[in-house]
Protein chains: 2
Amino acid sequence: MERKPDNCRVEDALGILVGKWKPIILLYLLQEGTKRFSELKRNMPGITQKMLTKQLRELEDEDIIRRVVYPQVPPKVEYSMTDYGRSLEPILEAMHEWGEKHTEHKAKEEQNQLKSSS
Amino acid sequence: MERKPDNCRVEDALGILVGKWKPIILLYLLQEGTKRFSELKRNMPGITQKMLTKQLRELEDEDIIRRVVYPQVPPKVEYSMTDYGRSLEPILEAMHEWGEKHTEHKAKEEQNQLKSSS
DNA sequence: TGCTATAGTATACAAAAAGATACTATTGGA
DNA sequence: TCCAATAGTATCTTTTTGTATACTATAGCA
């Protein structure tokens, strides 16, 4: 990594991944393939419709996911990863792995604090 | 990636990396090693002292960077990556690479839009 | 006729992140 | 005696994110 901060493109990836629900949406779609709006919602207890819609729209605007509307009533809308979106997988995977190590790390830290305070 | 969203640890990494200046700070320290507060500030035009201090404290609390105070006047405080912090490098690297591809991708998209609107 | 299901909007509000600006302590040197 | 340098705090304001809640359209069905 020999580059200047001014050509740092880390922010681009970060901008796409950031948002309380985006990583969860992306991992879900990566694992499960195509999903309807209602299935996404069911899978994310606590999310509001507005939030889910917003996150999906943002991901769609970045060409990370695809939105397909079926002209039916009641409506049916399906979401899936684009090929381009799938290219985020290594990042998500790296983050997930790091996150698991981090959990251990925090556990150890707490252990140390207990020792030193007793 | 065959896991349930409820054991998704992506958020942990995200929580550490998110912040307008954190990736820049981390890449800088990874590349340049130990740096003083004033050097960090000089390297990030636009950041306020308050912001820099806050981001550094948060990274320190997570054991990602180390803060060493020299009892001098005027004060001297040095920051550097911890070993643990260096374990974030693959993620930052993956993000950087993706970001570069993203820049091309966006350029192509704009080309296509120009074509289709002419 | 009125209810259900689905995928949303619209509006108001609360909380978190970021920015602007002013202030502090201390010592060596002019 | 007063100024410069360094690494901060303390407040206040603005912007961005996220939450809560209510509302909409429409085909099919009882």
Side-chain angles (χ1 to χ4, degrees), chain A residues 5 8 10-26 28-29 32-62 64-81, chain B residues 5 8 10-26 28-29 32-62 64-81:
Chain A
C8 157
V10 169
E11 311 272 4
D12 294 322
L14 214 55
I16 284 171
L17 261 22
V18 167
K20 195 169 169 189
W21 306 93
K22 281 182 192 166
I24 300 174
I25 294 171
L26 294 177
Y28 186 56
L29 289 179
E32 309 289 325
T34 302
K35 287 288 157 188
R36 296 182 63 167
F37 185 85
S38 52
E39 293 176 296
L40 287 164
K41 187 152 180 285
R42 220 170 299 130
N43 192 253
M44 281 162 244
I47 199 171
T48 59
Q49 301 226 144
K50 188 195 162 192
M51 259 297 121
L52 181 52
T53 304
K54 204 183 146 213
Q55 310 280 290
L56 289 170
R57 286 290 179 289
E58 287 172 12
L59 291 169
E60 192 196 353
D61 289 346
E62 296 281 11
I64 304 300
I65 63 175
R66 187 179 3 257
R67 176 170 178 267
V68 180
V69 182
Y70 296 85
Q72 306 177 350
V73 167
K76 177 177 171 184
V77 180
E78 282 184 344
Y79 293 91
S80 55
M81 298 297 286
Chain B
C8 157
V10 168
E11 312 272 4
D12 294 321
L14 215 54
I16 283 172
L17 261 21
V18 166
K20 196 169 170 189
W21 305 94
K22 281 182 192 167
I24 301 174
I25 293 171
L26 294 177
Y28 186 55
L29 289 179
E32 308 289 324
T34 302
K35 286 287 158 189
R36 297 182 60 166
F37 184 86
S38 54
E39 294 175 294
L40 287 164
K41 186 151 182 285
R42 220 170 299 131
N43 193 255
M44 281 162 243
I47 199 172
T48 59
Q49 300 225 144
K50 187 198 160 189
M51 260 298 124
L52 182 51
T53 303
K54 203 184 147 217
Q55 311 279 291
L56 289 170
R57 287 292 178 287
E58 287 171 12
L59 291 169
E60 193 196 352
D61 289 347
E62 296 280 12
I64 305 300
I65 63 174
R66 187 179 1 258
R67 177 170 177 265
V68 180
V69 183
Y70 295 85
Q72 305 176 352
V73 168
K76 177 177 172 183
V77 179
E78 283 185 344
Y79 293 91
S80 55
M81 298 297 285

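These numbers come from a predicted model, not from an experiment. In what follows, chains carry the letters A, B, and so on, assigned in the order in which the sequence lines appear, proteins first and then strands, with residues in each chain numbered from 1.
- Residue B:Arg42 places no side-chain N or O under 4.0 Å from the OP1 or OP2 atom of D:dA5.
- Side-chain contact between A:Leu56 and A:Ile25 is present, with at least one heavy-atom pair separated by less than 4.5 Å.
- DNA chain C lies under 4.0 Å from no heavy atom of any residue of residues 33-41 of chain B.
- When rounded to the nearest whole Å, the span between NZ of B:Lys76 and P of D:dA7 equals 9 Å.
- Considering only residues two or more places apart in sequence or on other chains, A:Val73 meets the side-chain contact (heavy atoms from CB on, under 4.5 Å) condition with none of them.
- Residues passing the side-chain contact (heavy atoms from CB on, under 4.5 Å) test with A:Arg42, sequence neighbours excluded: A:Ser38, A:Glu39.
- Atom CG in A:Leu56 sits about 14 Å away from atom P in D:dG18, given to the nearest Å.
- Summarising the geometry, the separation between CG on A:Leu14 and P on D:dT17 is reported as 12 Å, rounded to the nearest angstrom.
- Remark: B:Glu11 engages no residue in a side chain to side chain donor-acceptor pair (under 3.5 Å) (not counting sequence neighbours).
- Nearest to the side-chain atoms of A:Arg67 among the listed nucleotides D:dT9, D:dA7, C:dA7 stands C:dA7.
- Remark: B:Glu60 pairs with B:Arg57, B:Ile65, B:Arg67 by the side-chain contact (heavy atoms from CB on, under 4.5 Å) rule, at least two apart or across chains.
- In this structure, CD of B:Glu78 is placed 13 Å from C1' of D:dT6, rounded to the nearest angstrom.
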Where along nucleotides 11-30 of chain C does protein come under 4.0 Å, by heavy atom, of base (B) or sugar-phosphate alone (S), with - for untouched nucleotides? BB-----BBB-----BS---
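- Side-chain contact check for B:Leu29 versus B:Thr34: every heavy-atom pair is 4.5 Å or farther apart.
- Across the protein-nucleic acid pair, B:Leu52 atom CG and D:dA10 atom C1' stand 17 Å apart, rounded to whole Å.
- For B:Lys22, the side-chain contact (heavy atoms from CB on, under 4.5 Å) partners are B:Gln55, B:Glu58, B:Leu59, not counting sequence neighbours.
- Applying the salt bridge (charged side-chain N to carboxylate O under 4.0 Å, His left out) rule to A:Lys76 yields the partners A:Glu78; only residues at least two apart in sequence or on another chain are considered.
- Atom CD1 of A:Ile24 and atom C1' of D:dG18 are 14 Å apart (whole Å).
- Across all strands shown, B:Tyr70 has no heavy atoms under 4.0 Å from either base or sugar-phosphate atoms.
- For the pair A:Leu52 and A:Leu40, the minimum side-chain heavy-atom distance is below 4.5 Å.
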